[in-house]
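Reading through the structure tokens given below for one structure.
Everything quoted here is computed from the prediction, not taken from an experiment. The chains referred to below are lettered A, B, ... by the order of the sequence lines, with proteins before strands, and numbering in each begins at 1.
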Amino acid sequence: MIEAYLRADGRKGIRNVVAVAYLVECAHHVARRIVDKVDHPDVQLIGFPGCFPNAYAAKIMRAIATHPNVGGMVIVSLGCESFDREGLREAVLASGRPAELLVIQQEGGTRATIDAGVAAVERVRAAAEAPRVEMGIDELIVGTICGGSDGTSGITANPAVGRAFDRLVAEGATCLFEETGELVGCEGVMADRAVTPELAREIVACVEKAENYYRVMGFGSFAPGNAEGGLTTLEEKSMGAYSKSGASPISGIVKPGDLPPQGGLYLLDVVPDGEPRFGFPNISDNAEIVELIACGAHLTLFTTGRGSVVGSAIAPVIKICANPETARRLKDDMDVNAGRILEGEATLEEVGDEIYRRVLEIAAGRRTVSEELGHQEFILTYKAFDPIGPDCLPLSARTAA
Amino acid sequence: MSGPKLILLDPRDNVLVCTAPIAAGEALPIDGAVVAAPEDVAVGHKVARVDLADGEKVLKYGAPIGSMKAAAAKGAWIHMHNMKSDYIPTHDRKTASQSSTA
């Protein structure tokens, strides 16, 4: 049974984390020192490095501050940056959560703010209470991402996650898959799974947008390690990545910070709208994990062939290793070894079932390996998005809206 | 049938995927015939299931994943030296560091 934290807005969380957020790189060191001094697994450092305003960053920060796994927030501002610190604090308070704001220039500098911040975190932690209630599978939001992919990812871990996704979707959960830049070449097969012809057109359009964006950037979403692991082309990587989505119908498209309106399988469109600017859409896997969390993901299924080690305190990351050699070399960093499929020790169905069961265990409070190791990677950069169009939503959600 | 170290993902494919390290000279059973591996192949990498011509589409998962840019014989390792993307060119650490200006 999942014993969840019931928030004032009715959403349910599987963790009760206090987020400490810096609002510009200049406040990063102070915020990090506060988190280091508190040294608690349920206190996570997050932040935005830019001094100039960005609506996307503000939206993501608010979405994370009011994520059901978050119980309260301490905000650390330098003082002169653009970020609307009062607006963020008010949004957190309005959600029924405790929030404290520290402005370094008013607090008296580095030492004074660190001391005040440690005390603020303790107060917010004590106040970050929520009634414990039962939570069903149909209330879970689960994201998936692949990182450090190789030639085994598309054969073992990714299709195994697809099996787990199919089972979760069938039981009413909300599942999110993403990185349209790594779905280049799959737009046709993906569109065939859309619940409406309008959505099918939107899916093709958002993959074309991604292809154009990456073309302007000069590189595809492909790292040298992908090639060392046997992947030769972006479309080959895409075909393997795509299998994480399973075989359920695709109910809709969401953009970073949007909450899926109801259960089902959704594509997260992570590539900005308009003329390419601000650089690469997702500068590393962590940016995608942050966006999945901002869409309400309670936890994330992370498949890896080469071996990624990242994680999050806010929304646990379950590491599923595709490659049996990597699973042996990085065994302390992996939750599930899907490489057993390649060595004939387990079937795709068995590993899919294991992932499904692990999702429920982690939701019920068991710690992931990356949580135990204290991983808290977080990155938020500049982006620009238009709101999703009506064709991106399931029909029933459209008429209700 | 493919040997235990090579798997066929889809009957339409013209490449196989290596599931355990292959050493140069090793006998590779491919579709009933036996070919000597011309080079080492690492786990996750691809091997030609048939003779592949320059320009030919490479099929994996039953779908095109790029084109040959050189011919390769059955049993050969298929990777960036003889194959390319039909979408966005693949970069390595060298090309990536050389093209810093757009």
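Residue Lys69(B) places its NZ atom among more than 12 non-hydrogen atoms of other residues, nucleotides or ligands, all under 6.0 Å distant.
Between Ile155(A) and Val17(B) there is a side-chain heavy-atom pair separated by less than 4.5 Å. When side chains are defined from C-beta on, Val43(B) counts as touching Thr152(A), because their heavy atoms get closer than 4.5 Å.
Considering only heavy-atom pairs separated by less than 4.5 Å from chain B, the leading option among Gly154(A), Gly305(A), Gly218(A) is Gly154(A). The choice from Leu234(A), Asn323(A), Leu231(A) that makes the most heavy-atom pairs within less than 4.5 Å of chain B is Leu231(A). Contacts with chain B were tallied for Ala322(A), Gly240(A), Pro324(A); Gly240(A) has the most, counting heavy-atom pairs under 4.5 Å.
Note: Leu342(A) CG to Ile7(B) CD1 = 6.0 Å, rounded to the nearest 0.5 Å. Between the OH atom in Tyr87(B) and the OG atom in Ser238(A) there is a gap of 8.0 Å [rounded to 0.5 Å]. The distance from atom CG of Asn212(A) to atom CD1 of Ile88(B), rounded to the nearest 0.5 Å, is 9.0 Å.
When all heavy atoms of Thr232(A) and His79(B) are compared, the closest pair comes out as OG1-ND1, 2.8 Å. The shortest non-hydrogen separation linking Pro21(B) to Glu325(A) is CG-OE2, 3.4 Å. Of all non-hydrogen atoms in Ile65(B) and Met239(A), the two that sit nearest each other are CG2-CG, 4.3 Å. His45(B) and Ala227(A) make their closest contact through CE1-O, 3.7 Å (heavy atoms, listed as atom of the first residue, atom of the second, distance). Between Gly151(A) and Lys60(B), the shortest heavy-atom distance links the atoms O-NZ, 4.5 Å.
Screening Glu236(A), Glu235(A), Lys237(A) against Ser85(B) for a side-chain hydrogen bond (donor to acceptor under 3.5 Å, both in side chains) leaves a single residue, Glu235(A).
At a 4.5 Å heavy-atom cutoff, the contact between Ala63(B) and chain A is made by side-chain atoms alone. Neither the backbone nor the side chain of Glu343(A) comes within less than 4.5 Å of any heavy atom of chain B.
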